[in-house]
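Worksheet: one structure, shown below.
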Amino acid sequence: MSQEDLKTTTLMKVRFHECDPLQIVWHGNYYKYFEEGREDFCRDHGISYLDAKRNGFATPIVKTECEHKLPLKYGDEFDVETTYVNSEAAKIIFEYKIFSSGKLICTGKTIQVFTDKNSELVLNNPPFFLDWKMKMGLIK
């Protein structure tokens, strides 16, 4: 499987409650859109938050980035393109692009780490995650 295959696209529509009084999407909602993209990616590629939890791990976000290019407005339909970025480190990295009507609206990135059941940082990739990476052809 190539890096290009580790991508999903999620179709969404701006809802009224996501907008400010000018009917422009409030900036904090873009992180919610990224979350929807991550959830879809995980469902599509067989690696979910529940898999981590079942194996005794949590995956808290430690870094977020969002660069706005154009605004989304009430009623706009848009795509969240979510791409997994492979890393040897014990991290889960996703990059995002949001498009509407063929225009790039924003880009973003999130980095998650692994913590154990005591909320301690895990410095090595957990076995279940290594198994997933092997299944995806990211390691041999």
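- Pairing each heavy atom of Ile92 with each of Phe94, the nearest pair is CG2-CE1, 3.4 Å.
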Check your understanding: Can you check salt bridge (Lys or Arg N to Asp or Glu O under 4.0 Å) on Lys69 and Glu67, steps first, answer last?
Key -> CA-CA 7 Å; Lys69 312 282 187 190; Glu67 186 174 338; 3.0 Å; yes
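- The nearest pair of heavy atoms linking Phe99 to Glu81 is CE1-OE1, 4.0 Å.
- Neither Met134 nor Trp132 shares a network with the other; the hydrophobic side chains, linked directly or stepwise wherever heavy atoms of I, L, V, M, F, W or Y lie under 4.5 Å apart, form separate groups for each.
- At a threshold of 4.5 Å between non-hydrogen side-chain atoms, the residues Pro71 and Val25 do not count as touching.
- Annotation for Thr59 and Ala52: closest pair CG2-CB, 4.1 Å, computed over non-hydrogen atoms.
- Hydrophobic clustering (ILVMFWY, side-chain heavy atoms < 4.5 Å, transitive): Trp26 and Phe78 are in distinct clusters.
- Heavy atoms only, all atoms of each residue included: Ala90 and Asn125 are closest at CA-OD1, 3.2 Å.
- Lys133 places no side-chain N or O within donor-acceptor distance of the main-chain N or O of Glu88, the cut-off being under 3.5 Å.
- Contact check for Glu18 versus Tyr74: no side-chain heavy atoms found under the 4.5 Å cut-off.
- Here CG of Asp131 is found 9.0 Å from CD1 of Ile47. Values are rounded to the nearest 0.5 Å.
- Inter-residue side-chain proximity for His45 and Thr8 is flagged as met; some heavy-atom pair is nearer than 4.5 Å.
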Review point. After noting the C-alpha distance and the side-chain angles of Arg43 and Glu39, does the key distance pass the salt bridge (Lys or Arg N to Asp or Glu O under 4.0 Å) rule?
Key: CA-CA 6 Å; Arg43 267 191 302 278; Glu39 288 280 335; 3.8 Å; yes
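- Using a 4.5 Å cut-off on side-chain heavy atoms (C-beta onward), Asn124 and Phe114 make no contact.
- Between the side chain of Ser87 and the backbone N or O of Ala89 there is at least one donor-acceptor pair closer than 3.5 Å.
- Side-chain contact between Leu72 and Ser100: present, with at least one pair of heavy atoms (C-beta onward) separated by less than 4.5 Å.
- Considering Thr110, Thr107, Thr10 in turn, Thr110 is the only one that fulfils the side chain to side chain contact (heavy atoms under 4.5 Å, CB included) rule with Tyr96.
- With values rounded to the nearest 0.5 angstrom, Glu65 atom CD is found 8.5 Å from Glu95 atom CD.
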Exercise for review: Applying side chain to side chain contact (heavy atoms under 4.5 Å, CB included), run through Phe41 and Tyr84 and close with a yes or a no.
Suggested key: CA-CA 8 Å; Phe41 178 93; Tyr84 174 79; 3.4 Å; yes
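- In this structure, Ile24 CD1 and Leu70 CG are separated by 11.0 Å, a value rounded to the nearest 0.5 Å.
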Practice item. Dump the intermediate steps for side chain to side chain contact (heavy atoms under 4.5 Å, CB included) on Asp76 and Ile105, then the final yes or no. Key: CA-CA 11 Å; Asp76 285 351; Ile105 302 299; over 6 Å; no
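- Using a 4.5 Å cut-off between side-chain heavy atoms of Ile, Leu, Val, Met, Phe, Trp and Tyr, with links allowed through other members, Met136 and Phe129 fall into the same hydrophobic cluster.
- Between Ile98 atom CD1 and Thr82 atom OG1 the span is 8.5 Å, to the nearest 0.5 Å.
- Taking all atoms of both residues into account, the shortest heavy-atom contact from Gly37 to Val80 is CA-CG1, 4.2 Å.
- Remark: aromatic rings of His68 and Tyr30 are close, center separation under 6.0 Å.
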Practice item. Start with the C-alpha distance between Lys73 and Val14, add both sets of side-chain angles, then the distance that settles side chain to side chain contact (heavy atoms under 4.5 Å, CB included), and finish with yes or no. Key: CA-CA 7 Å; Lys73 298 178 180 169; Val14 175; over 6 Å; no
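- Panel note: side chain Asn118, backbone Glu120; no donor-acceptor pair is recorded below 3.5 Å.
- Within the 4.5 Å cutoff, side-chain heavy atoms of Lys97 are placed close to those of Leu104.
- Between Val122 and Phe57 the shortest side-chain heavy-atom distance falls below 4.5 Å.
- Between Tyr33 and Cys66 there is no side-chain heavy-atom pair separated by less than 4.5 Å.
- Ile61 and Leu121 are not part of a single hydrophobic cluster, where members link through side-chain heavy atoms under 4.5 Å apart.
- Under a hydrophobic-cluster definition in which Ile, Leu, Val, Met, Phe, Trp and Tyr are linked whenever side-chain heavy atoms come within less than 4.5 Å, directly or via other members, Met12 and Phe16 are assigned to different clusters.
- Counting heavy-atom neighbours within 6.0 Å of Lys91 NZ, excluding the residue itself, gives a total of 12 or less.
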